[in-house]
Student: 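Have a look at this one before I ask anything.
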There are 2 protein chains.
Amino acid sequence: MESTLLSRKDQIDQTATALFRTRGFAATSMRELASALGMEAGSIYSHIRSKEEILHRICFRLAEDFFSGFEEAAADEILPAATRLRRAVESHVRVLTADVAASAVFLHEWRHLSEPARTEFLALRERYEAGFRQLIGEGAASGELYAPDPIFAALTLLASLNWLPSWYRPGGPLAPIDIAHRLANQLLFGLEVRGNQK
Amino acid sequence: MESTLLSRKDQIDQTATALFRTRGFAATSMRELASALGMEAGSIYSHIRSKEEILHRICFRLAEDFFSGFEEAAADEILPAATRLRRAVESHVRVLTADVAASAVFLHEWRHLSEPARTEFLALRERYEAGFRQLIGEGAASGELYAPDPIFAALTLLASLNWLPSWYRPGGPLAPIDIAHRLANQLLFGLEVRGNQK
DNA sequence: CCTACCGATCGGTAGG
DNA sequence: CCTACCGATCGGTAGG
């Protein structure tokens, strides 16, 4: 019945992720989590230190996934900026779709982190967004992309991508890579220079 | 000192909106809310029936604002679909910027509504999104817009718009109407048919 | 609008 | 991993 592939701690993280996503961190009680795991509330604490520790692990694991994906996609500076941007978009979608529940928690529940974790998290996110701004700015400077306001463009681009966990369902008609391509196309057709564009 | 323009009930709603936005509905206690209003927790209940009633009012008021704005923008069927879509986008941005705190609550805290309000709310949101899909679909059918997948396009468009409360600050360098135009342009340049587009 | 309070539930711990 | 429990806090009410 139960998957024995996951350690008890990983089971806790995974079950908590699903609950945090659907009910929110604050509204999820340790009793609920325990019940979903088939154990008593007190027993969870032999595997974790606190409720917030679970949230911390989810948020920072995702941050790491986004970062390493971006590095791989955008590091090769020989490639044109537009190509690197497209690869970065695809990486972002890949991370999102690989674990939509964790992604939703990452996107919405981080504010329940207490200091200093919260500030640290926001700094990471800011650095990540700066990577996208940088790529768009480079593309605009080289004339590959049409982006009169790279800050604005980066904001809109990431916004479109980050809405994905609210509608994507694994096993739907579109595979993650298809979604990535469609999103990249839809977003970049609005950025890429074409003949009659000013 | 205090604004006497607002009824006590409206003050409660407004203060609650700000708290629900920054701390989340579940994590905001009635004691916190009372304290922010300069009163005791029990006293709030002479103006409202329950904590959830406040959330309900915020969410459904915004839904109404979005709907009436959309009607006004998109009802005139003589206008081309692309024009109506642009007007609908501008209306959406106007509602968002008119009260970013309430918009953020509308976008993220509705899931704390209990049934049947929750289902009712989701039905309203679905109908609203369908209006955008409809416009995009019409524009695609008439050849005004390039949108091979109107569902996908509508999702991405609203996603980009709905990220606004997370970065918009009233009194910034861009006026709401400027933001509306920029967003509409950035999004529609990716949709509008141009010469060399397939 | 306050004081005083209700039962319920919270995150977390001790001791086994 | 459970039982039994801690102090704190929750949303909400009664009575004035």
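Quantities reported herein were computed from a predicted structural model and do not represent experimental measurements. Note on naming: letters A, B, ... go to the chains in the order of the sequence lines (proteins, then strands), and numbering restarts at 1 for each one.
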Student: List the steps and the verdict of ring-ring contact (aromatic ring centres under 6.0 Å, His included) for A:His92 and A:Phe70.
Tutor: CA-CA 7 Å; A:His92 192 87; A:Phe70 184 90; 9.3 Å; no
Student: Between atom CG in A:Leu19 and atom P in C:dC10, what is the gap in whole Å?
Tutor: 13 Å
Student: Taking CD from A:Glu40 and C1' from D:dT3, how many angstroms apart are they, rounded to a whole number?
Tutor: 9 Å
Student: Using whole Å, report how far CE of A:Met30 lies from P of D:dC2.
Tutor: 14 Å
Student: To the side chain of B:Arg8, which of D:dC2, C:dC10, C:dC1 is closest?
Tutor: C:dC1
Student: Check this for me: does any side-chain nitrogen of one of B:Arg23 and B:Glu109 sit under 4.0 Å from a carboxylate oxygen of the other?
Tutor: no
Student: Please determine if A:Asp65 and A:Arg61 form a salt bridge, counting it only when a charged side-chain N lies under 4.0 Å from a carboxylate O.
Tutor: yes
Student: Is there a side-chain contact (heavy atoms from CB on, under 4.5 Å) between B:Glu52 and B:Ser114 once you walk through the steps?
Tutor: CA-CA 8 Å; B:Glu52 186 177 332; B:Ser114 54; 2.8 Å; yes
Student: Decide yes or no for B:Arg87 and B:Leu79: does some side-chain heavy atom of the first lie under 4.5 Å from some side-chain heavy atom of the second?
Tutor: yes
Student: Under the ring-ring contact (aromatic ring centres under 6.0 Å, His included) criterion, do B:Phe132 and B:Tyr128 qualify, and how do the steps go?
Tutor: CA-CA 7 Å; B:Phe132 278 86; B:Tyr128 184 68; 5.3 Å; yes
Student: For DNA chain D, find the residues of residues 41-59 of chain B with a heavy-atom distance under 4.0 Å and give them by number; none if there aren't any.
Tutor: B:Gly42, B:Tyr45, B:Ser50, B:Lys51
Student: Give the ring-plane orientation class for B:Phe106 versus B:Phe121, where under 30° counts as parallel, over 60° as perpendicular and anything between as tilted.
Tutor: perpendicular
Student: Output the pairing pattern of DNA chain C as a dot-bracket string, 5' first, Watson-Crick or G-U wobble with both distances under 3.5 Å, | for cross-strand pairs, [ ] for crossing pairs.
Tutor: ||||||||||||||||
Student: In this structure, how many angstroms lie between the P atom of D:dT3 and the CZ atom of A:Arg31, rounded?
Tutor: 13 Å
Student: Carefully, step by step, assess B:Trp110 and B:Phe25 under the rule ring-ring contact (aromatic ring centres under 6.0 Å, His included).
Tutor: CA-CA 9 Å; B:Trp110 55 266; B:Phe25 174 78; over 10 Å; no
